[in-house]
Amino acid sequence: MVWDWIPRNLGMIGGLLGEHVVLALLPVLIGLVLAVPIGWAAAGNRALRGVLVPAASVLYTIPSLALFIVLPAIIGTRILDPLNVVVALTIYTVALLVRSVADALGAVPSMVVAAATAMGYRPGRRFVSVELPLAVPVLVAGLRVAAVSNISLVSVGALIGVGGLGQLFTDGYQRNFPLEILTGIVMVLLLALVVDGLLVLIGRVSTPWTRVGANA
Amino acid sequence: MIEFRGVTKRFPDGTVAVDGLDLTVDAGKVTVFVGPSGCGKTTSLRMINRMIAPTEGTVTVDGRDVMSGDAAELRRGIGYVIQQAGLFPHKTIRDNIATVPLLLGWSRRKARARADELMEVVGLAPEMASRYPAQLSGGQQQRVGVARALAADPPVLLMDEPFSAVDPVVRESLQEELLRLQGELGKTIVFVTHDIDEAVKLGDKVAVFRTGGVLAQYDEPGVLLDRPADGFVDGFVGRDRGYRKLGFLSDELPLVELPTVGVGDPAPEGWSLVVDPDGRPLGWVQGGGSVEEAAVVPGGSLYEVGSGSLRSALDAALSSPSGRGVAVDGDGRVAGALSADDVLRALAASRADEAA
Ligand SMILES: Nc1ncnc2c1ncn2[C@@H]1O[C@H](COP(=O)(O)OP(=O)(O)OP(=O)(O)O)[C@@H](O)[C@H]1O
Ligand SMILES: [Mg+2]
């Protein structure tokens, strides 16, 4: 029975899933931390925005496989190092989120920011307690795109030997074993759906004010 | 006390928003900045809490140049209310009001208790504390804006067209309430508006600005209406200023006795004022016979003896169906009647007094 393959390899599949999650989501976290200050700088300065946002878009157009292969030469890692995937996906995440952050912060009503300043907020605290929370809805939309896109891009890493669930594709292809490929596809899809759902949930829980109707 | 000394604001694009402003805002009083759009009212106001830095001259609050020291520190000591409230949409009403206390380092508990206290002061129901601004009406949001500005009990309050986005009825009640609050709190208030009616109603003193950021006249409202400094002020103060001036006169008016009837009593011919058993006016009836409740015509506005202005006296006479204005005492009981002629005679007498 071919289906037996799945229960017999649960441990292996679980391990690959864990690797996939780390390879895809660690870059989302690091990317977010990097993109917030860059996006903030872009939102606050027109000239800077004119440089940063297009530059980020260009980064996003670099093919992932090419990036996985040239990175070792640039940052001095070994070709099979998982760090290559993490760095590459972090670059994509930053590229995606810089625009989201800049747009989100730009959309915070200037009157609200002015009111915060007039109350006596200093810029740092104002950013954390007024501008950032108001940017969350747009930010979450950007994070969803980044997370799902990373989950699918990790699989490409299988071609250089670090690809989480993507290794089920390469292995299944080499052994001409469709069930393994199918398992990989289903797992990647499920993972993307679950992560996306979680992000939506986090977004909802952290923005209760967006769901109150006027005069409800 | 707030002082502008030779203050000029020139924006980088060359716009001169405020030009050589010299003005002293009295402590504990309401000072209104009024003038046409773009005349530099907001710019002047924002130089007080250093949201805008003057190009020339100095602004001092209690003798200290606002440009010295820390800006955030300064702002925490100056309440600020803006048009459409500028509330934080992501914070509850309670947290909005607690903003400055929290910035000043109060404990969360104390700041929230203070917020609840202020909600009562500005007339907001306690159950609104946990709502978000989008769940409040425009008028309620303005109350929150005022409460937020008052939270840390700052001696100075800056208000930039705070009531311009609400309908006239709500605006009137917010104005009344501000005057009541000010009677209790005695803050130094600088209030910006482009509505001359609002200016003369709220201001202890009114500063009229003309386009180009030049102060045209700075006087008490009565003086402003009586003796506009020039054609610009005259034009801005408007055509009704003679009538509005009546709002600042409260000379004693001679009252004539006004016979009243109760519901069910026989009424004489002509108009009769119907009162309730306590002597408070209910309305008018016309013609003889027994007074039927259904036949009572609503009366006009009432003139309160002692506190009413000549404007309210004239309005009482003009709005009464019988042509006789109803004067009431402090408890709302009928005190007598007055006519429009009485008001005009009182006005003439007050003019003669002034001239003498
Ligand atoms: N940041 C700025 N840069 C350039 N010009 C400005 C700036 N802010 C205001 N101005 C100009 O300065 C002048 C005064 O503006 P201000 O906002 O003080 O007017 P205002 O009296 O409050 O008007 P309104 O009644 O419309 O609110 C206007 O001509 C305005 O266009
Ligand atoms: Mg203005």
Side-chain angles (χ1 to χ4, degrees), chain A residues 36 39-40 43-48 100-101 103-143 199-216, chain B residues 42 45-46 48-52 70-93 95-105 128 130-141 144-145 148-149 151-152 154 157-162 165:
Chain A
V36 165
W40 184 49
N45 184 319
R46 211 176 257 272
L48 213 53
S100 289
V101 174
D103 288 350
L105 294 177
V108 175
S110 59
M111 197 159 57
V112 172
V113 179
T117 308
M119 301 287 109
Y121 273 104
R122 295 202 171 85
R125 185 152 173 194
R126 185 186 71 202
F127 179 72
V128 173
S129 43
V130 178
E131 290 162 279
L132 202 54
L134 288 174
V136 163
V138 181
L139 207 55
V140 166
L143 279 176
L199 282 172
V200 171
L201 196 70
I202 293 171
R204 284 181 68 96
V205 170
S206 59
T207 59
W209 71 90
T210 56
R211 285 184 308 287
V212 297
N215 303 313
Chain B
T42 296
L45 190 77
R46 289 180 157 209
I48 298 172
N49 66 353
R50 203 174 149 179
M51 295 286 283
I52 294 177
D70 182 76
E73 237 27 277
L74 170 83
R75 292 173 188 144
R76 289 171 195 172
I78 299 179
Y80 188 63
V81 188
I82 52 176
Q83 205 172 346
Q84 290 166 345
L87 300 179
F88 302 128
H90 62 300
K91 294 188 187 226
T92 60
I93 299 312
D95 287 346
N96 261 284
I97 300 175
T99 301
V100 181
L102 288 174
L103 284 172
L104 289 170
M128 292 187 179
S130 52
R131 291 202 197 160
Y132 290 99
Q135 294 169 289
L136 265 57
S137 72
Q140 289 165 340
Q141 291 184 24
V144 177
R148 183 175 65 173
L157 208 55
L158 309 180
M159 309 182 82
D160 194 350
E161 305 203 27

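Both backbone and side-chain heavy atoms feed into the values below; hydrogens, waters and symmetry mates do not. Throughout, a chain's letter reflects where its sequence line sits, starting with A, and its residues are numbered from 1. Everything numeric in this text was worked out from a predicted model, so none of it was measured.
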Legend entry - Which atoms of Arg46(B) approach chain A - backbone, side chain, both or neither, heavy atom under 4.5 Å: side chain
Legend entry - Derivation of the side-chain contact (heavy atoms from CB on, under 4.5 Å) call for Met51(B) and Thr117(A): CA-CA 8 Å; Met51(B) 295 286 283; Thr117(A) 308; 3.9 Å; yes
Legend entry - Side chain, backbone, both or neither of Leu104(B) within contact of chain A (heavy atoms, under 4.5 Å): neither
Inset, instruction - Taking all non-hydrogen atoms of both residues into account, name the closest pair between Tyr132(B) and Pro208(A) and its distance. - result: OH-CG, 3.2 Å
Inset, instruction - Indicate the atoms forming the closest heavy-atom contact of Ala118(A) with Tyr80(B), along with that distance. - result: CB-CD2, 3.1 Å
Legend entry - Side-chain heavy-atom pair His90(B), Thr210(A) within 4.5 angstrom cut-off: no
Legend entry - Interface moiety of Leu103(B) toward chain A, non-hydrogen atoms closer than 4.5 Å: both
Inset, instruction - State, to 0.1 Å, how close Met119(A) and Arg76(B) come at their nearest heavy-atom pair, and which atoms those are. - result: O-CG, 3.5 Å
Inset, instruction - Pick one of side chain, backbone, both or neither for Ser129(A), based on which atoms fall under 4.5 Å of a heavy atom in chain B. - result: both
Inset, instruction - Provide the closest heavy-atom pair for Gly120(A) versus Ala72(B) in the form atom of the first, atom of the second, distance. - result: O-CB, 3.5 Å
Inset, instruction - Kindly give the heavy-atom pair with the smallest separation between Val112(A) and Leu87(B), and that separation in Å. - result: CG2-O, 3.7 Å
